[in-house]
Amino acid sequence: MTADVGRRTVLRGLGAAGLLAALPACSAPLADVRLTIATGGVQGVYFTLGTALAQAWRDALHLGATPAVRSTGGSVENVALLASGAADVAFCQIDVAAEGLDATATGDPGARRALARIYDEFVHIVVPRSSPVTTPAQLQGARVSLGSRTSGVYFTVQRFLSAIGLSPERDLRAAFLGVDASATALRNGEIDAFFWIGGLPTPSVTKLAAAFPIRLLNLQGVLSQVRSVYPLYAAGTVPAATYRIPDPVTTLLVRNVLLVGAGMADDVAYSLVDTLFRNQPQLALASAAALTIDLRAAIGTQPVPLHQGAEAYYRAAKNT
C-alpha cells in the first residue's frame with residue numbers, strides 16, 4: 001500500500017466531516033489501495049463477515065479492486081500472514097493477538113495493531129445429545145477434535161485443557177479437524193466430541209444441529225479455574241434456541257478483533273473503521289454476529305493497541 005502525505009490529510013479531513021462514504025468514484029483517493037483479508041474456514045463467521053466487509057470496503061471507498069478474501073486455518077495462521085505481509089487485515093481472537101505482542105514496536109511494519117473489537121466468540125464443546133458426557137473432565141480417554149493446528153481454536157483449547165488439568169497428548173484421543181470436518185465426524189460416530197470457538201450462530205454447527213441432535217457442555221463449573229490462569233477470557237451464555245439445544249449453557253467468551261499492521265497508512269485504517277460502522281446493517285444481513293458490533297465497545301482491544309488511524313476515528317466519532 002502507498003499513501004502520500006497529501007492523501008492522508010485529505011482523508012482525515014473528509015472522515016472527520018463524515019463525507020468519506022459520499023466520495024464519487026472519479027475522485028476516489030483510495031483507488032490504489034489493494035487489500036487481502038485473512039479470515040478462516042469458508043463455513044465460519046470470519047469468512048462470512050470478511051466477504052461482506054470486502055464488498056462494503058470496495059463500494060464505499062471506491063477501491064480499484066475488491067479486497068481478496070483468503071480462507072485460512074484461523075487466528076494463528078492469520079497473525080503469521082499479517083506479519084509476513086501476505087495479509088493486510090486479519091480476523092483474530094484476542095488471546096492469539098496478544099501472544100508475543102510487543103506493544104512498543106511502533107516502527108515495525110509487521111507489528112500488530114487493532115482496528116476494532118468486532119464481536120465475541122464462544123467456546124463450544126459439542127457432543128451428541130445421547131452422550132453420557134456432561135463435564136469437560138469426562139472427556140478423558142474420548143475421541144475429541146481440538147480444531148486445526150493453525151487455528152485459534154486449538155490455541156485456546158490447549159490453554160483450557162491445561163487449566164483444568166488435562167493434556168491433549170496424555171488424556172485425549174485427539175484429532176485436529178476444522179469445524180466442518182468435526183461436525184461430519186461427530187455425526188458419523190468417528191469422534192465423541194469437538195471443540196469450536198466462534199460467533200453465534202456458527203453455520204456448520206447450525207447445520208449439524210438441524211440434522212443430528214447435539215448438546216453443548218456447560219462450563220460453569222470450571223470458569224473460575226480457567227479465568228484464574230487466563231483472565232482475558234470472560235463468561236458467556238449460548239441461548240438454547242441457537243442450536244436447538246435442550247438448555248442454555250454457560251461457557252467461555254473470547255473477544256474477537258480486526259488486526260492490521262502498524263505500518264498501514266492512517267487514512268486507510270480510519271476509512272476501514274468508518275466503513276465498518278456505516279455498513280453494520282448490511283454486515284448483519286450476512287451474519288448475525290455483526291449485530292453485536294458496538295461503537296462504544298469497539299475500543300476494547302486491550303492489550304493490543306489500536307492503530308492510530310482507528311484512534312482518530314473514535315475521537316472524531318465521540319465528538320459528533
Side-chain angles (χ1 to χ4, degrees), residues 35-57 66-84 86-99 112 114-126 145-160 175-185 194-208 238 242-243 251-261 272 276 283-284 286-293 301 304:
L35 297 172
T36 296
I37 308 169
T39 61
V42 295
Q43 293 297 318
V45 176
Y46 281 0
F47 187 85
T48 301
L49 270 184
T51 300
L53 267 175
Q55 295 169 351
W57 285 335
T66 303
V69 180
R70 181 164 177 170
S71 174
T72 72
S75 293
V76 173
E77 182 178 352
N78 291 354
V79 166
L81 290 170
L82 191 68
S84 71
D88 306 288
V89 182
F91 285 78
C92 194
Q93 295 172 194
I94 192 65
D95 52 356
V96 177
E99 182 74 1
R112 301 189 285 282
L115 293 181
R117 172 184 178 179
I118 48 174
Y119 68 92
D120 295 330
E121 299 189 315
F122 296 77
V123 174
H124 301 51
I125 306 180
V126 185
S145 175
L146 308 180
S148 65
R149 292 184 185 272
T150 60
S151 68
V153 177
Y154 183 49
F155 181 92
T156 304
V157 167
Q158 290 180 93
R159 287 181 162 193
F160 173 82
F176 302 95
L177 308 174
V179 64
D180 297 340
S182 292
T184 299
F194 71 86
F195 281 83
W196 168 247
I197 301 172
L200 300 180
T202 293
S204 292
V205 182
T206 299
K207 183 178 178 181
L208 173 65
V238 179
T242 307
Y243 300 119
T251 186
L252 286 177
L253 182 151
V254 185
R255 285 178 288 149
N256 195 47
V257 294
L258 274 181
L259 297 179
V260 295
L272 296 183
L276 168 69
L283 298 177
S287 172
L291 291 170
T292 62
I293 299 174
T301 64
V304 182

The test is side-chain hydrogen bond (donor to acceptor under 3.5 Å, both in side chains); show your working for Thr202 and Trp196 and say whether it passes. CA-CA 9 Å; Thr202 293; Trp196 168 247; 2.8 Å; yes
Taken to the nearest 0.5 Å, the spacing of Phe47 CZ from Phe91 CZ works out to 10.5 Å
Output for pair (Leu272 CG, Leu258 CG), nearest 0.5 Å, gives 9.0 Å
Assess whether side chain to side chain contact (heavy atoms under 4.5 Å, CB included) is satisfied between Phe122 and Leu252, documenting all intermediate values.
CA-CA 6 Å; Phe122 296 77; Leu252 286 177; over 6 Å; no
ask   = Is there a side-chain contact between Val126 and Tyr243, using heavy atoms and a 4.5 Å cut-off?
value = no
Point to revise | Polar side-chain atom of Thr184 near backbone of Asp180 as donor-acceptor pair, under 3.5 Å | key: yes
Heavy atoms of Ala116 and Thr301 approach each other most closely as C-CG2, 3.7 Å
The reported gap from CG in Asn256 to OH in Tyr119 (rounded to nearest 0.5 angstrom) is 4.5 Å
Heavy-atom nearest pair, Ala86 first then Thr36, reads O-CG2, 3.6 Å
Nearest heavy-atom approach of Pro201 to Thr206 is CB-OG1, 3.4 Å
Heavy-atom closest pair (Leu49 atom, Ala290 atom, distance to 0.1 Å) is CD2-CB, 3.9 Å
* Under the 3.5 angstrom rule, does the side chain of Ser71 hit a backbone N or O of Gly40 as a donor-acceptor pair? -> yes
* Asked: Got Gln55 and Val69 here, is their nearest side-chain heavy-atom distance under 4.5 Å?
  -> no
Heavy-atom closest pair (Ser145 atom, Ser182 atom, distance to 0.1 Å) is OG-OG, 2.8 Å
Do Val254 and Ile94 touch side chain to side chain, with heavy atoms closer than 4.5 Å? yes
Value for CZ (Arg112) from CD (Glu99), rounded to nearest 0.5 Å, stands at 8.5 Å
Trace of the side chain to side chain contact (heavy atoms under 4.5 Å, CB included) decision for Val96 with Glu77
CA-CA 10 Å; Val96 177; Glu77 182 178 352; over 6 Å; no
- Hey, does the side chain of Ser84 reach the backbone of Leu81 with a donor-acceptor pair shorter than 3.5 angstrom? yes
Rounding to 0.5 Å, atoms CG (Asn78) and CZ (Arg70) come to a distance of 9.0 Å
Practice prompt. Test Thr51 against Thr39 for side chain to side chain contact (heavy atoms under 4.5 Å, CB included), laying out the working first.
Written response: CA-CA 9 Å; Thr51 300; Thr39 61; over 6 Å; no
To the nearest 0.5 Å, atom CD1 of Ile125 lies from atom CG of Leu146 at 10.0 Å
In short, Arg117 meets Val257 closest at the heavy-atom pair CA-CG1, 4.0 Å
Any chance you could lay out the side chain to side chain contact (heavy atoms under 4.5 Å, CB included) test for Leu53 and Val89, step after step, and finish with the verdict? CA-CA 11 Å; Leu53 267 175; Val89 182; over 6 Å; no
Exercise for the section: Compare all side-chain heavy atoms of Asp120 with those of Thr292 and state whether any distance is below 4.5 angstrom. Expected result: no
(message) Just by distance, no angles: are the side chains of Thr72 and Tyr46 close enough, under 3.5 Å, to form a donor-acceptor pair?
(response) no
Next on the checklist: Looking at Gly178, is its backbone amide N or carbonyl O close enough to the side chain of Ser148 to form a donor-acceptor pair, meaning the two atoms are under 3.5 Å apart?
Outcome noted: no
